[in-house]
Protein chains: 2
Amino acid sequence: MPPRESFNAYFKSAFTVDNVIFGFDEGKLKILLIRRNEEPYDNYWALPGYFVMQDEDLDAAAQRVLREMVGLENVYLEQVHTFGAPGRHDFGRVITVAYYSLVKIADVSPKASGVAQEVMWHPVQDLGELAFDHGEIVSVALNRLKRSIRTRPIGFELLPPAFTLTDLQHLYEAIWETDLEKRNFRKKILSMDLLKDLGRSQEGVAHRPAKLYSFDEDRYQALMDEGFNFELREGKRK
Amino acid sequence: MPPRESFNAYFKSAFTVDNVIFGFDEGKLKILLIRRNEEPYDNYWALPGYFVMQDEDLDAAAQRVLREMVGLENVYLEQVHTFGAPGRHDFGRVITVAYYSLVKIADVSPKASGVAQEVMWHPVQDLGELAFDHGEIVSVALNRLKRSIRTRPIGFELLPPAFTLTDLQHLYEAIWETDLEKRNFRKKILSMDLLKDLGRSQEGVAHRPAKLYSFDEDRYQALMDEGFNFELREGKRK
DNA sequence: GGGCTTATTGTACAATTAACACTATCTTTG
DNA sequence: CAAAGATAGTGTTAATTGTACAATAAGCCC
């Protein structure tokens with residue numbers, strides 16, 4: 001083995017994870033941002049992220065950031081892309097591995113901590129300029145999400161354990177920024193046999209209450225084993 | 001800004017790019033591997049990759065590796081995933097950003113260089129144990145490729161500038177490991193209007209020669225502008 | 001009970017996919 | 001030069017899936 005020393009010059013970089021945390025609320029897709037309280041980008045909104053520890057796996061680091069910033073464990077998490085333009089960080093060469101996560105907004109209790117003065121949900125359609133290259137990261141993550149929800153039943157991660165078909169449809173509409181046709185959407189999603197009818201209905205609404213469903217995890221596993229392919233479509237463009 | 005020094009402890013990692021270079025030849029999907037001639041993993045086959053320079057962009061580093069190892073520029077390149085398990089490299093904390101690239105095998109003139117004693121194409125179905133975690137990287141890249149060719153017309157990057165419809169079909173079949181129905185495949189691909197009929201045919205074959213086509217880049221751009229969606233399917237599972 | 005609001009459901013037509021077999025054209029060989 | 005061998009090329013039908021579209025149902029509020 002060549003002496004480790006001959007490669008010393010390369011061991012001068014740092015890397016971080018940044019988390020695009022998606023939530024769904026008030027019919028809108030939102031992401032959780034923190035407001036920085038130090039330079040660089042003092043006062044800018046930024047993605048929750050931090051340095052990866054020397055002996056920590058990347059996924060674990062992303063999980064840790066989630067735990068520390070929003071107090072959640074075992075959340076849906078997916079690596080998206082790695083950003084490493086030479087000038088993207090003032091401290092030196094910092095490359096960041098971007099993740100996105102899907103959380104149920106009701107479960108989140110954001111805690112201010114350290115660099116995060118404030119933690120807040122922002123509608124994805126209405127983010128100002130973000131710190132560093134975080135605007136670009138969000139954009140890449142959002143595109144990934146739009147694709148992923150077509151072929152994986154991950155939308156449910158954003159909804160409470162019991163939801164209505166209308167909730168589910170609104171979720172897809174918000175993410176894709178399209179309108180879906182109600183009857184066709186229901187027919188399609190019900191035909192997949194992935195929803196458990198909970199046998200109860202909404203309460204406290206001023207109209208006919210909708211039936212509540214949950215995602216049937218076990219059924220999904222079983223279907224996957226026989227080669228089932230989840231797929232929803234955004235429908236014809238006008 | 002906090003003193004740069006307070007973060008020094010984090011600036012002790014190195015990162016590399018590793019390239020899964022796909023080619024298509026003899027009806028098989030292949031990847032280009034180098035045989036290492038130093039520890040660790042002396043004599044193992046490995047992905048072409050190297051450290052990223054301090055002031056070099058990630059994509060640029062991947063391009064550089066391609067240029068140095070196989071003498072190609074302007075090749076189709078896509079970032080796949082970043083691997084950073086703490087123990088994955090003996091020299092210290094090394095995370096690697098994996099790319100895949102699609103090349104026309106005839107264009108490639110692999111050059112032995114540095115750590116690469118030997119450079120050789122290997123059928124993806126028949127790789128032994130690879131160095132480091134490169135086996136896993138290949139597997140992730142391959143899955144990504146299988147998905148990507150469904151919705152992007154990138155298969156052409158693997159074929160010579162003039163190819164037959166049968167070539168194209170075999171390419172998809174090799175990547176997906178399925179059989180496609182000839183008439184349906186042709187109908188579908190021709191209906192997309194993405195192929196330019198070159199008006200000439202194969203030569204030197206001992207049977208009826210097939211017409212030659214090329215991918216019509218301009219046409220594709222035009223179609224994209226009007227919202228066209230490329231999509232091919234693997235067909236029904238048996 | 002009437003009005004308001006959202007939930008729920010079915011049908012007909014269009015488009016796409018899937019299955020399937022024969023003829024055409026070239027080379028090689030006897 | 002005829003026959004054999006090999007791959008190219010092509011069209012129709014049935015089944016499935018997608019799309020468009022509107023009336024009735026069920027609860028709440030007054």
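As the structure is a prediction and not an experimental result, all values here were calculated from the model. Letters go in sequence order (proteins before strands), and every chain restarts at 1.
- Within the helix from C:dG1-D:dC30 to C:dG30-D:dC1, the inter-axis angle between the opening and closing five-pair segments is 10°, rounded to 10°.
- Phosphate contact (OP1/OP2 of D:dT7, side-chain N/O of B:Thr166, threshold under 4.0 Å): absent.
- Put simply, CG on A:Asp197 is 13 Å from C1' on C:dT8, counting in whole angstrom units.
- Each salt bridge (Lys or Arg N to Asp or Glu O under 4.0 Å) pair with one or both residues in residues 198-216 of chain A, not counting sequence neighbours, appears once here: A:Asp197-A:Lys211.
- Using cut-offs of 30° and 60° for the angle between ring planes, the B:Tyr220 and B:Phe228 rings count as perpendicular.
- Distance, B:Asp179 CG to C:dC20 C1': 15 Å, rounded to whole Å.
- The stretch residues 206-213 of chain B comes close to DNA chain C through B:Ala206, B:His207, B:Arg208, B:Pro209, each having a heavy atom under 4.0 Å from the strand.
- Note: CZ (B:Phe163) to C1' (D:dA8) measures 16 Å, nearest angstrom.
- Residues satisfying the ring-ring contact (aromatic ring centres under 6.0 Å, His included) criterion with A:Phe24, sequence neighbours excluded, are absent altogether.
- Contacts between residues 181-196 of chain B and DNA chain C, defined by a heavy-atom separation below 4.0 Å, involve B:Glu181, B:Arg183, B:Asn184, B:Lys187, B:Lys188, listed by number.
- Between A:His122 and A:Trp45, the ring planes lie perpendicular to each other; the angle is over 60°, past the 30° to 60° tilted range.
- Under the rule for a ring-ring contact (aromatic ring centres under 6.0 Å, His included), A:His170 has no partner lying at least two apart in sequence or in another chain.
- For the ring-ring contact (aromatic ring centres under 6.0 Å, His included) test, residues two or more places apart in sequence or in another chain that qualify with B:Phe163 are B:Phe156.
- Among pairs with a residue in residues 163-176 of chain A, none fulfils salt bridge (Lys or Arg N to Asp or Glu O under 4.0 Å), at least two apart in sequence or across chains.
- The salt bridge (charged side-chain N to carboxylate O under 4.0 Å, His left out) search around B:Lys146 returns B:Glu177, not counting sequence neighbours.
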Result block: side-chain N/O donor-acceptor pairs under 3.5 angstrom for residues 57-66 of chain B, not counting sequence neighbours:
{"from": "B:Asp59", "atom 1": "OD1", "to": "B:Tyr99", "atom 2": "OH", "distance (Å)": "2.5"}
{"from": "B:Arg64", "atom 1": "NE", "to": "B:Glu56", "atom 2": "OE2", "distance (Å)": "2.6"}
{"from": "B:Arg64", "atom 1": "NH2", "to": "B:Phe51", "atom 2": "O", "distance (Å)": "3.0"}
{"from": "B:Arg64", "atom 1": "NH2", "to": "B:Glu56", "atom 2": "OE1", "distance (Å)": "3.0"}

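- Between A:Gln202 atom CD and C:dT5 atom C1' the separation is 12 Å, expressed in whole Å.
- Counting to the nearest Å, the P atom of D:dA26 and the CZ atom of A:Arg200 are 21 Å from each other.
- B:Gln169 has its CD atom 12 Å from the C1' atom of D:dA8, to the nearest Å.
- Going from atom CD of A:Glu231 over to atom P of C:dT16 covers 15 Å, rounded to whole Å.
- Qualifying salt bridge (charged side-chain N to carboxylate O under 4.0 Å, His left out) partners for B:Asp193, counting only residues two or more places apart in sequence or in other chains: B:Arg219.
- For residues 119-133 of chain B, the set of pairs meeting the salt bridge (Lys or Arg N to Asp or Glu O under 4.0 Å) definition, not counting sequence neighbours, comprises B:Arg88-B:Asp133.
- The distance from atom CG of A:Leu180 to atom P of D:dG18 is 13 Å, rounded to the nearest whole Å.
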